[in-house]
Number of protein chains: 2
Amino acid sequence: MRRIEKAITDKKTITELLNKGRYITIAMSKDDIPYVITLSYGYDNSRDALYFHCANEGQKIDYIKYSSQVCGTIIEDNGYNEDCVQAFRSLVIRGRISLVDAIQEKRHAFDVLLNHLEKDPSIMKKKHFGNDKNYIKTCILRLDITEITGKEEKAD
Amino acid sequence: MRRIEKAITDKKTITELLNKGRYITIAMSKDDIPYVITLSYGYDNSRDALYFHCANEGQKIDYIKYSSQVCGTIIEDNGYNEDCVQAFRSLVIRGRISLVDAIQEKRHAFDVLLNHLEKDPSIMKKKHFGNDKNYIKTCILRLDITEITGKEEKAD
């Protein structure tokens, strides 16, 4: 068995991994002290951005307010095989993260999130949509992707 | 169904997650530009450190040489349930990462890695041990843990 590690360069596979993944681990930095968070996301294909719904406080907000520049990774774990081979496909994403303020974009973000994460998004949409109060207090983040690299390791 | 997110504070569960995990995603920083890598690890219980075997080049080495301060996360993915609940247990680890130079510690690191990752470590040990040449060119990193926090989210 050999380790085969190769770059993923085709846009189709990258888009597949973005649509298939459910959460991303994001690295941030403040005064060169790194911090890491993992968040469920919804991928907005047309905007090439990720949306997050998260708590309106905590370390990540302090980091984001200091610098919007982040680097995240989405991992598809394909199991640990013999001969020390951890099979995976992964993306490393660079981009800018920001807080979403406008109600209209918050509504859009929820739509993206529910379509991405839920088997039957209509159930949750019926439950939560139609009342703007649901969005006002909610913290929504958007990560605008500026660069993506992909990598695959498999056993052969 | 309610979301229940709680801190994991007991040492036993933290040690269990360290021993059970197979890879960690690590955030690093250089001039406040964050970078993220994911590596298979072996946990050294007695030293409270993680060992990694990796390529002797690339961006991560540049980052580590700039600053040893890292922040990593180990995630146990327990599935996505109804009502937008991603069940998980996770650790966030702060610490210092460094290159291991001494042959003796490299040998120890391989022992830790194989015991951690392999079902039958003796096969790989027989194959690779006993010849110090195998270690000289090999890049081994050690992450000395200084702080761990844990979090659990489950559906109820």
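Convention: sequence-line order gives letters A, B, ...; per-chain numbering from 1. Just so you know, these numbers use all the heavy atoms, side chains as well, and skip hydrogens, waters and symmetry mates.
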Do you reckon [X] sits in the same ILVMFWY cluster as [Y], going by side-chain contacts under 4.5 Å, direct or chained?
X: A:Leu141; Y: A:Tyr63; result: yes
X: A:Leu39; Y: A:Tyr51; result: no
X: A:Tyr80; Y: B:Ile24; result: no
X: A:Tyr43; Y: A:Ile74; result: yes
X: B:Leu50; Y: B:Ile14; result: yes

Heavy-atom pairs under 4.5 Å with chain B: which of A:Ile33, A:Asp77, A:Val92, A:Thr25 has the most? A:Asp77
Measuring heavy-atom distances to chain A, does [X] have an atom under 4.5 Å in its side chain, in its backbone, in both, or in neither?
X: B:Lys30; value: backbone
X: B:Tyr23; value: side chain
X: B:Thr73; value: both
X: B:Ile37; value: neither

Checking heavy atoms, do the side chain of A:Tyr66, its backbone, both or neither come under 4.5 Å from chain B? side chain
Need one label for A:Leu113: side chain, backbone, both or neither, based on atoms under 4.5 Å from any heavy atom in chain B. neither
Could you state the interatomic distance from OG1 (B:Thr38) to NZ (A:Lys151), rounded to the nearest 0.5 Å? 8.0 Å
Can you name the nearest heavy-atom pair linking A:Asp32 to B:Ser29, along with the distance? OD1-OG, 2.7 Å
Heavy-atom donor-acceptor pair, A:Arg94 side chain to B:Pro34 backbone, under 3.5 Å: yes
